[in-house]
Structure formats: structure tokens, C-alpha cells
Amino acid sequence: MTEPTQVTSETPSQSLDFIRKIITQDIASNKHAGRVETRFPPEPNGYLHIGHAKSINLNFGVAQEYQGVCHLRFDDTNPEKEEQEYIDAIEKDVRWLGFDWGQHLYHASDYYDQFHQYAIELINKGLAYVCHLSPEDTRGYRGTLTKPGQNSPYRDRSPEENLAWFEKMRCGEVKEGECVLRAKIDMSHPNINMRDPALYRIKHAVHPRTGDKWCIYPLYDFAHCISDAIENITHSLCTLEFEDHRPLYVWVLDNITIACRPRQIEFARLELSYTVLSKRKLLQLVNENIINGWDDPRMPTISGLRRRGYTPEAIRNFCNHIGVNKTNSVIEIGTLEFYLREDLNLRAQRVMAVLHPLKVVIENYPEEQVEEFDAENNPEDTSAGTRKIPFTRTVYIEQTDFQEDPPTGYFRLAPGREVRLKHAYYITCRQVIKDKTTGEVIELHCSYDPESRGGGTPDKRRVKGTLQWVSIAHAVTAEVRLYDHLFATADPNAVPEGKDFKTNLNPDSLVTLTNCKLEPSLKNLESGARFQFMRHGYFCVDPDSTPDYPVFNRTTTLRDTWAKIQKKQK
RNA sequence: UGCCGACUAGCUCAACUGGCAGAGCACCUGCCUCUGGAGCAGGGGGUUUCAGGUUCGAUUCCUGAGUCGGCAGCCA
């Protein structure tokens, strides 16, 4: 491999991550003629999640920055686990994240003929052999982490014999598990991956793309490096667990007739607190119906985040912020939520929604009168304009915005107290109506000050509380799904002996409210539309919505400074 | 007990390849307001895992130790 030459860059960019440093050096030394070509190589055996977003952002991002290209390649070498549904979902998710592979859509299965030829080349060179050891015996012969392995009794078969057996494997004359094609490297190698790894195994399975053409399928270590080389990949970025496989990656390419030598570089996979990012575990949550499918808004999948109301920009900003290195680390979920709020704050229209309605009658307001107030759509973005909001004698406010016996420091509504109804009038609580049997507050009678129209009074008196409200006559009834972290503990994998990660599931990760009252503008909305429900958080329209019955998902709450104040007072 | 890798603020990352350790988030404080669950500004916080060594000078280089992570699929 070419050593990077010392080059003084004219534009010392501020702090490149270690991968971009390598690429910058490679370009400077004219390795690969200055070309940059990366690839995102998912196996279609599940949905993409936020951890994949990190890899997608890296691979496509690097390609963009260096005027290169990034391929989308399905690493489809295990037909038993792979499905068309996953292939479709992956393409959709990568596009949604904002990346485009152009003409560069590939499948490892496109290269099956070439893999086969390269396997024959290795056999002819005496570098691969067909081994009839059972899986159990193979394990025994491999040795352990501390003990070297032993040569397979089939290791010294002649190329002719190997060729014959390999052909029998290929044309379906051998049963699954009976034999395997192995590389002939070194059974005492300190790196276990080099102890004659399997290259091909027999699987009488139908492949989503190649159908029943093949009954032998290459393993990752054989297929991946060759796929990279066939596609002329320059930098093959993968996660840390493949570090030990790099010598094998190099060995395969060094021993077959192929010109391209991509450089494999490993980086740390993403881990997030309060969630799991293992495909196996996510599959388990889906299969056991613990959540409602891959796109359940509590899932860390791209489709789950999308349904939850995340924006591609927020996810990309997050990925750019966390950077890339070789340190195993757990990112706080709050960091992801920070980038979400940062983005949503600028683009989400503010609307009024009452989640737990409490009826308020404004006694001195004319019975039949309807007034319309102009409401600012987004104080962060004046170009977002205004809308009209109808006001009448009876409105809903939030149950939590009234306390009969308020503690000190409570600035919302209470008997005799005055508050402002956002965009409308000041009201004062005159009477509290309770359910005779339960004692529950069911209605408030208030008076309004006509002078306070629009939210201020000539005497400039200060009103501390401002509440959102909805006119009862105009209210839209909706379902609102309040989502919280899927797991109750920061590290879901930390469990007592004999328990599994599901022990840590958050029982309150979904709370469904069915009698929410929304302002009338929130009707006939497009699925996915995002809003800020004032003083509550960010919400988006769920695909389950119908024109008559909107369903909203809580994407995230607002920054919770009030909770901190309350905590401090205790 | 083998091989590989990583340790810098509570968290995530920087530090121009040896020159006074910085940033975002979090936290704290203040300001402002028709979101007292919005917004804005400022501040505190480090024996750079430890012990030696080289050097005028070490987060950076060397040696050793510790801790954590990965590897014994015919998964990727």
C-alpha cells in the first residue's frame, strides 16, 4: 500500500475526523488518481436504524465532500434472512434521509458468477479447499482464543479433487452442511479469522434476486472485499467489529486476479441511551408484537423516527455533530432530541391544542358572538404568516392550567386569578363547578375583560400566565399519542442474571389520549405534517389519521425548564 | 489466557502531528417575553486512566500497568 506523502495543504480545514484525514492524504498523494468512491452496504435482513444513518451520512457525506460517488449496495449473500420488503424499505429510507446513489445501485448477488470464478482461481492456486468436517468438528479443529487450531484432514486435497467437489456443491449434489469451501491460510494464526475461514457454504434456498440459480452462497469475508474491488471502491468504511477481518479482506484481494485495492477503515458504531440498536433485538420487538411494527414511532428505525416526526435534517445534523472515531461510546438520547428541537423550532407552525380539556364558560361574553383573532404561525419565522382563530363564550383549557388551591409560584388559573388566553382576552376565574359525587372540577365560570382584546390592556397591567385554549363550538376532536423512550433505563442491556433487555421496557412509552381538542385549522391534514402544540411539544400527523379524526404523534416535548424550576422548589 | 482496538470536562468530540488543553450538549446564573414547558446571554467545570522514560517542554513519542470493547457462525 502506498504511504501517504507529506503534503502541505493550503487550506488547513479545521479538525477533520480520522477518516477524512486519511482520504485527504490519499487525494494529496494521488492514490486512486485522486478518486473517492464509497459504498453503503446494508444486508436486507431488517430495517435501517439511526445507527445506519450514521454510516449513510458518513459514506454519502464523504463522497459529496470529495466530489466522489457513493454506491448503495445490498449485501445479499444470505437468502435465508433477506427479504424484498427490507430491500424496498432500505431504498426508501436512504432517499428520505436525503441521499442519492444515482446509477450506483448494486447487489452482491450481481457478482455471484464472478465470486464463483475467483473461488475456482483460489482452488487452482492451492489456496482453497473443500472441507467435509462437520460444523461441530470444524469448531473443534479451529482451536480457541488462546490455543492454536489443527489442520483439517481435508486440507491437502488436490486442486482437481477440490474442483470436482466444488462443482458438486454448485450443482446441488451435496446436502446442506455436508461440506464447505475454505481458504487455506494458517490454522495457528493468532487471529482466528485467518484459521482457514469458510468462503462458501451450501444453502438450498431461494434468493430474492437470483431465485434458485445458486445453492452455494459466499460468506461475508469472501463476498464483501471482492464486491468492493469490483465496484472500484477506494475507501471501504465499516464498523469496529470488522477490524479483525481486515487481514482476511487484504488476503483475498491479494490472492485473486483483481486490480483494485480498497482500503478498509473501521469506525465505532453508534450507541444511544434508552434504546437498543441491535437488528436482532429490534426484530424481536417486532416479532413479539411488543411494539407495532418496524415503523412504530418508538422504534429507533429510520421509518420509526420518520413516523414519530423527526426530520432528515435533524438526523443529519445529529450525525455530523457526533462525528466519527474509534472510541466505543454511548450518545445521550438528549443530544438527538436537541437537534430535533433545534430544527423543529424553526419550521413547526405553532398551534393551540388542549390535551386534557376543562370547560370554561365566559359568563359576560355574548352568547352567540364569534370573534376571530389573528395568530402568529411561528414567532421564529415571520414569513410563516398568520391565521384566524375563532373565539366564543365557551372554550376548553388544559386541566393542568387550573388549580383550586394553587401553591405559591403558580401563575396559571385559580379562583379569583386572572390569566391571558393566548391571542385573545384576559379572563378571571369566578366560580368552580364540581361533580357532586366525585368532587372533580368539571367546569369553570370566568369573566373576561373586553379591554384586553388581543392580549393587552390600556392600563398595561401584567398578567403572568398565558394559556392555550380552543373554542368548544369549533374544536376538532383528535387522538394524541404521547410517546416516551422505549426503555426506562439508560442502558437497556444492563439486566440482572437470567433476565433479558425486555425487562427494561418503559411501560409508559405510549400513552394514548382520545379526547383532545384542537383548534379548527388542524383538520384535513396531510400525514406527516408537523406542528408545535404550544406549551406541550412537537407533534405530527400519523398515517392512521382520517379527515374526521386526526391522530397525532408527540415527536418530543418542549425543552423542559419548568420541570427544573419545580424540582428546585422542592 | 491469545490477538486486535480504545481511554481528553457529566456526555460527545477538538487540540494545526511535541509548544499556555478548546467546542457543542448537559448543568448553573442572569435577561426577556402574549408559549413561567418558547427565546437570548453569560458562567462554573480537566492531576488529559495510572507509573516510569526521552525532551528545555509530553494529551501527543517510548516502555510497562489498569480499565473497557471486539474476535472461537457454514451470520453480517
Side-chain angles (χ1 to χ4, degrees), chain A residues 6 9 12-17 21 41-43 45 75 77-78 80-81 131 133-135 138-140 142-149 176-182 189-195 197-203 216-217 219-221 223-224 238-247 266 268 273 279-280 321-332 334-339 341-342 345 350 352 375-376 379-380 409-412 420-424 426 452 454-456 463-468 532-537 557-566 568:
Chain A
Q6 290 290 61
S9 174
S13 40
Q14 69 290 40
S15 107
L16 294 175
D17 59 63
K21 275 185 187 130
E43 184 192 8
N45 66 345
D75 212 350
T77 56
N78 188 353
E80 284 170 354
K81 291 183 178 173
C131 180
L133 243 27
S134 69
T138 304
R139 201 178 310 129
R142 186 155 36 227
T144 68
L145 294 174
T146 51
K147 277 205 302 262
E176 261 181 50
E178 213 163 89
C179 62
V180 79
L181 182 73
R182 289 228 256 170
H189 200 107
N191 180 343
I192 291 179
N193 294 124
M194 299 298 270
R195 318 235 266 230
L199 267 22
Y200 264 97
R201 81 289 219 188
I202 299 164
K203 272 186 194 295
I216 53 170
Y217 292 93
L219 279 111
Y220 170 88
D221 286 312
H224 200 89
C238 62
T239 42
L240 250 25
E241 69 270 27
F242 293 105
E243 217 156 7
D244 291 339
H245 294 246
R246 192 178 349 120
E266 311 85 13
S273 63
K279 269 194 191 174
R280 206 199 91 243
H321 167 83
I322 60 174
V324 28
N325 64 15
K326 295 179 76 113
T327 313
N328 293 305
S329 58
V330 181
I331 313 277
E332 291 174 351
T335 303
L336 212 210
E337 289 163 350
F338 168 83
Y339 286 96
R341 291 190 185 102
E342 184 183 62
N345 180 40
R350 311 296 122 124
M352 297 202 288
E376 181 174 45
E380 300 288 321
Y410 187 83
F411 294 127
R412 282 115 89 151
R420 171 168 39 230
L421 294 182
K422 176 85 182 171
H423 306 303
Y426 293 0
S452 65
V463 168
K464 284 175 175 169
T466 301
L467 315 182
Q468 77 275 21
Q532 184 196 103
F533 287 4
M534 296 189 74
R535 303 208 299 142
H536 282 302
T557 58
L558 257 16
R559 241 182 75 201
D560 210 345
T561 45
W562 174 235
K564 282 175 203 160
I565 293 166
Q566 282 183 313
K568 224 172 52 181

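For clarity, every value in this text was computed on a predicted model and none was experimentally measured. Residue numbering restarts at 1 for every chain, and letters A, B, ... go by the order of the sequence lines.
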message: If you go through the side-chain atoms of A/Glu332, does one of them form a donor-acceptor pair with the base of B/rU12 closer than 3.5 Å?
response: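 Checked by distance alone, the answer is no.
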Report the nucleotide, chosen from [options], that has the shortest atom-to-atom distance to any side-chain atom of [X].
| X | options | answer |
| --- | --- | --- |
| A/Glu43 | B/rU35, B/rC74, B/rC75 | B/rC75 |
| A/Ile331 | B/rU12, B/rC74, B/rC75 | B/rU12 |
| A/Thr327 | B/rC74, B/rC13, B/rG36 | B/rC13 |
| A/Leu219 | B/rG36, B/rA14, B/rA76 | B/rA76 |

[atom1] gap between [N] and [M], integer Å:
| N | M | atom1 | result |
| --- | --- | --- | --- |
| B/rU67 | B/rU1 | P | 11 Å |
| B/rG70 | B/rG10 | C1' | 26 Å |
| B/rA26 | B/rU12 | P | 15 Å |
| B/rG43 | B/rA23 | C1' | 15 Å |

Regarding [X], tell me which of base, sugar-phosphate or nothing describes its non-hydrogen contacts under 4.0 Å with the strands shown.
| X | answer |
| --- | --- |
| A/Phe338 | sugar-phosphate |
| A/Lys326 | sugar-phosphate |
| A/His189 | nothing |
| A/Thr77 | sugar-phosphate |
| A/Ile202 | nothing |
| A/Asn325 | sugar-phosphate |

field: Single hit among A/Arg350, A/Lys422, A/His423, A/His536 for side chain to side chain donor-acceptor pair (under 3.5 Å) with A/Gln468
entry: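 By the side chain to side chain donor-acceptor pair (under 3.5 Å) criterion, A/Gln468 pairs with just one of A/Arg350, A/Lys422, A/His423, A/His536: A/His536.
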statement: salt bridge (charged side-chain N to carboxylate O under 4.0 Å, His left out) filter on A/Lys203, not counting sequence neighbours, yields A/Glu80
Just to confirm, is there a sub-4.0 Å distance from OP1 or OP2 of [N] to any side-chain nitrogen or oxygen of [X]?
| X | N | value |
| --- | --- | --- |
| A/Ser329 | B/rC13 | yes |
| A/Lys21 | B/rA15 | yes |
| A/Arg201 | B/rA76 | yes |
| A/Arg559 | B/rG39 | yes |

For [X], give me all partners under side-chain hydrogen bond (donor to acceptor under 3.5 Å, both in side chains), at least two apart in sequence or on another chain.
| X | value |
| --- | --- |
| A/Tyr339 | A/His321 |
| A/Arg142 | none |
| A/Glu43 | A/Asn45 |
| A/Tyr426 | A/Arg420 |

- prompt: Which stems does RNA chain B form, counting runs of 3 or more consecutive Watson-Crick or G-U wobble pairs with both distances under 3.5 Å?
  reply: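 Stem list for RNA chain B: B:2-7 with B:66-71, B:10-13 with B:22-25, B:27-31 with B:39-43, B:49-53 with B:61-65.
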message: With the 90 degree cut-off around zero defining syn, does B/rG73 come out syn or anti?
response: syn
- line: Syn within 90° of 0, anti beyond: B/rU17 is syn
query: Closest approach of A/Pro41 and A/Asp75, non-hydrogen atoms and distance?
result: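 A/Pro41 and A/Asp75 have their closest heavy atoms at O-CB, 3.7 Å.
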task: For residues A/Pro135 and A/Gly177, report the shortest heavy-atom separation together with the two atoms involved.
output: CD-O, 4.0 Å
message: For A/Cys179 and A/Ser452, find the nucleotide of RNA chain B closest to each by heavy atoms; which residue's nucleotide sits nearer the 5' end?
response: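 Its nucleotide being nearer the 5' end, the pick is A/Ser452.
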field: Base-contact (B) and sugar-phosphate-only (S) positions in nucleotides 61-72 of chain B, heavy-atom cut-off under 4.0 Å, - elsewhere
entry: --------SBBB
- line: Those residues at least two apart in sequence (or on a different chain) that pass ring pair (Phe, Tyr, Trp, His ring centres under 6.0 Å) with A/Phe338 are none
query: Excluding sequence neighbours, so at least two apart, what forms side-chain contact (heavy atoms from CB on, under 4.5 Å) with A/Ile322?
result: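 Expected list: A/Lys54, A/Leu270, A/Phe318, A/Ile331.
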